[in-house]
There are 2 protein chains.
Amino acid sequence: MRVSKEKAAENRGALLQAASRLFRKRGIDGVGVADIAREAGLTHGALYAHFPSKDALAAEAFTHGFEGNMADTREWAGGRDASFQDYVEGLISPDMRDKVETGCPMTASASEVGRQGCAVSESFAKAFEEMTAMLEGSLSDAVPAPERRRLAIAAVVGQIGALAVSRAVIKSAPSLADEVLQAVRETIGAAHRAESVHRE
Amino acid sequence: MRVSKEKAAENRGALLQAASRLFRKRGIDGVGVADIAREAGLTHGALYAHFPSKDALAAEAFTHGFEGNMADTREWAGGRDASFQDYVEGLISPDMRDKVETGCPMTASASEVGRQGCAVSESFAKAFEEMTAMLEGSLSDAVPAPERRRLAIAAVVGQIGALAVSRAVIKSAPSLADEVLQAVRETIGAAHRAESVHRE
DNA sequence: TGTACATCAGTGAACGCGCGTTCACTGATGTAC
DNA sequence: TGTACATCAGTGAACGCGCGTTCACTGATGTAC
């Protein structure tokens with residue numbers, strides 16, 4: 001039965017939200033379109049009125065999840081006027097590791113994206129650039145411009161790698177899971193300090 | 001029909017080899033047991049004479065692939081008496097990114113392992129420790145002992161993260177794919193230099 | 001060494017199930033008069 | 001504003017297919033005598 005434009009837009013949003021959450025939790029290959037539709041309170045047929053295929057949904061859901069996560073991060077950072085070091089401490093932490101379903105989709109799906117279609121790869125690349133720009137902006141003038149981008153890229157990669165590894169080993173080696181996060185935080189901190197020009 | 005002990009052991013090895021290669025290429029959820037058996041020249045039923053379940057096979061295949069990759073790396077490193085910097089340059093490179101099927105299983109499956117069973121997590125943790133120990137051993141006395149392990153962990157995480165990100169964006173942003181590798185290499189290099197004690 | 005037979009690696013059909021996608025249909029919405 | 005009707009979001013059965021796993025069976029291997 002037909003539904004109002006507002007309701008249709010709302011349903012589309014619910015599908016994106018459900019897809020985004022489930023893909024992060026169980027992986028893109030680990031979730032079926034029926035699961036997504038059910039969580040959004042619809043049937044699987046309705047999904048195809050909004051998205052041409054699962055792959056197209058995956059790409060949009062990736063962007064949707066990333067934008068939501070970026071908004072949360074910006075709010076968190078804005079409240080404390082976050083420095084680069086604040087970002088590194090906040091993003092590469094046990095809290096972030098345990099927040100899979102609402103956390104960063106790049107981290108949740110890093111090693112799967114290369115096997116998905118081109119649309120998902122594009123969503124990932126855009127998200128990576130946006131995250132990098134945010135971190136780059138948090139670096140002070142003490143770090144010369146070219147090294148700013150380099151450090152920002154390394155921090156984002158460090159977050160993605162550290163959270164993925166920490167999640168991978170937490171079932172069998174919980175203390176290693178925490179050690180990994182700390183090691184990456186400290187190493188990025190050391191590189192940050194090394195690249196800073198101190199003139200007094 | 002029954003088969004000689006030697007042939008059975010050989011078939012088991014072929015199953016592990018096929019599983020290991022396919023899991024790296026298409027992901028654990030992206031490969032069926034029939035695909036694996038077919039590549040090993042057997043039928044899917046035979047697989048269950050060697051492994052109790054797909055999950056158990058995945059854990060063994062992970063270790064198998066990792067051991068093979070470690071042997072290759074040790075041979076490569078032994079030939080040139082590799083330093084920490086050599087490892088970083090060699091492991092975080094476009095060559096390694098393009099070598100998915102025979103490359104490091106940790107890198108190929110990083111974000112999927114957390115969703116697999118405990119056996120796979122254990123294989124991952126063991127592999128991570130082994131890789132870390134190898135890199136730690138490559139660091140000279142110029143770096144104090146506690147920082148050696150920290151740098152080694154960061155380098156392994158850096159490799160896993162950098163290759164995963166590079167593979168994720170290569171379809172849509174090839175130049176970013178290379179930039180990421182270089183940025184991580186240089187940042188680990190900077191941290192390495194910063195942690196080295198220079199007494200003259 | 002030769003024979004009888006238990007073992008078991010491997011086969012292939014079958015199990016129930018969930019997958020992504022399609023499609024004829026429904027009926028409230030939105031529009032044209 | 002009231003009525004007639006085209007639109008189309010959503011339903012649910014059905015499509016063909018592949019999934020992981022089980023199992024009765026085969027027949028060469030390995031062993032006991």
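Quick note: numbers below take in every heavy atom, side chains included, and nothing from hydrogens, waters or symmetry partners. First the proteins, then the strands, lettered A, B, ... as listed; each starts at 1.
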How many Å lie between [atom1] on [X] and [atom2] on [N], as a whole number?
{"X": "A/F51", "N": "C/dT22", "atom1": "CZ", "atom2": "C1'", "result": "18 Å"}
{"X": "A/L42", "N": "C/dG20", "atom1": "CG", "atom2": "C1'", "result": "17 Å"}
{"X": "B/L15", "N": "C/dT11", "atom1": "CG", "atom2": "C1'", "result": "14 Å"}
{"X": "A/L47", "N": "C/dT22", "atom1": "CG", "atom2": "P", "result": "12 Å"}
{"X": "A/N11", "N": "D/dT11", "atom1": "CG", "atom2": "C1'", "result": "13 Å"}
{"X": "A/D29", "N": "D/dC19", "atom1": "CG", "atom2": "P", "result": "12 Å"}
{"X": "A/Y48", "N": "C/dC19", "atom1": "OH", "atom2": "P", "result": "11 Å"}
{"X": "A/I36", "N": "D/dG10", "atom1": "CD1", "atom2": "C1'", "result": "17 Å"}

Partners passing salt bridge (charged side-chain N to carboxylate O under 4.0 Å, His left out) against A/R24 (at least two apart in sequence or in another chain):
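By the salt bridge (charged side-chain N to carboxylate O under 4.0 Å, His left out) rule, A/R24 matches no residue at all.
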Contacts of A/E101 that satisfy salt bridge (charged side-chain N to carboxylate O under 4.0 Å, His left out) - sequence neighbours left out
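A/R21.
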Which of these nucleotides, [options], is closest to any side-chain atom of [X]?
{"X": "B/V33", "options": "D/dT21, D/dA9, C/dT21", "result": "D/dT21"}
{"X": "B/K54", "options": "C/dC19, D/dG20, C/dT11", "result": "D/dG20"}
{"X": "B/H50", "options": "D/dT21, C/dG10, D/dG10", "result": "C/dG10"}

Residues 163-173 of chain A side chain polar contacts: donor-acceptor under 3.5 Å, at least two apart:
| residue | atom | partner | partner atom | Å |
| --- | --- | --- | --- | --- |
| A/S166 | OG | A/R97 | NH1 | 3.0 |
| A/S166 | OG | A/A177 | O | 2.8 |
| A/R167 | NE | A/R97 | O | 2.9 |
| A/R167 | NH2 | A/M96 | O | 3.0 |
| A/R167 | NH2 | A/R97 | O | 3.4 |
| A/K171 | NZ | B/G114 | O | 3.4 |
| A/K171 | NZ | B/Q116 | O | 2.5 |
| A/S172 | OG | B/S121 | O | 3.2 |
| A/S172 | OG | B/S121 | OG | 2.9 |

Run the side-chain donor-acceptor check on residues 61-72 of chain B: report pairs under 3.5 Å with partners two or more places apart or on a different chain.
| residue | atom | partner | partner atom | Å |
| --- | --- | --- | --- | --- |
| B/T63 | OG1 | B/A59 | O | 3.3 |
| B/T63 | OG1 | B/S123 | OG | 3.0 |
| B/H64 | NE2 | B/Q17 | OE1 | 3.0 |
| B/N69 | ND2 | B/T102 | O | 3.2 |

Which parts of residues 57-65 of chain A get close to DNA chain D, meaning a heavy atom less than 4.0 angstrom away?
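Within this stretch, nothing sits under 4.0 Å of the strand.
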Qualifying ring-ring contact (aromatic ring centres under 6.0 Å, His included) pairs, either residue in residues 102-122 of chain A, two or more places apart:
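For residues 102-122 of chain A: none.
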What ring-ring contact (aromatic ring centres under 6.0 Å, His included) pairs are there with at least one residue in residues 143-170 of chain B, not counting sequence neighbours?
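Found none.
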Please list all pairs passing the salt bridge (Lys or Arg N to Asp or Glu O under 4.0 Å) test where one or both residues lie in residues 42-61 of chain A, with sequence neighbours left out.
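Counting only pairs at least two positions apart or across chains, the salt bridge (Lys or Arg N to Asp or Glu O under 4.0 Å) contacts touching residues 42-61 of chain A are A/R12-A/E60.
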Does anything in residues 117-134 of chain B pair up under salt bridge (Lys or Arg N to Asp or Glu O under 4.0 Å), and if so which pairs, sequence neighbours excluded?
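Passing the test, one end in residues 117-134 of chain B: B/R74-B/E130, B/E129-B/R149.
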Short question: side chain of [X], backbone of [Y] - any donor-acceptor pair under 3.5 Å?
{"X": "A/S93", "Y": "A/G90", "answer": "yes"}
{"X": "A/D86", "Y": "A/S83", "answer": "yes"}
{"X": "B/T132", "Y": "B/I153", "answer": "no"}
{"X": "A/S111", "Y": "B/S111", "answer": "yes"}
{"X": "B/S53", "Y": "B/A56", "answer": "yes"}

With the criterion being N/O to N/O and under 3.5 Å, what pairs connect the protein with nucleotides 13-18 of chain C, and how long is each?
| residue | atom | partner | partner atom | Å |
| --- | --- | --- | --- | --- |
| C/dA13 | N6 | B/H44 | NE2 | 3.0 |

I want to check something: taking the side chain as every heavy atom from C-beta on, are A/F128 and B/V180 in contact at a cut-off of under 4.5 Å?
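Yes. Closest side-chain heavy atoms under 4.5 Å.
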Treat primed atoms plus P, OP1 and OP2 as sugar-phosphate and everything else as base, then score nucleotides 26-33 of chain C 5' to 3': B for base contact with protein heavy atoms under 4.0 Å, S for sugar-phosphate contact only, - for none.
BBBBS---
Show me the dot-bracket string of DNA chain D, counting Watson-Crick or G-U pairs under 3.5 Å, with | for pairs to another strand and [ ] for crossing ones.
.||||||||||||||||||||||||||||||||
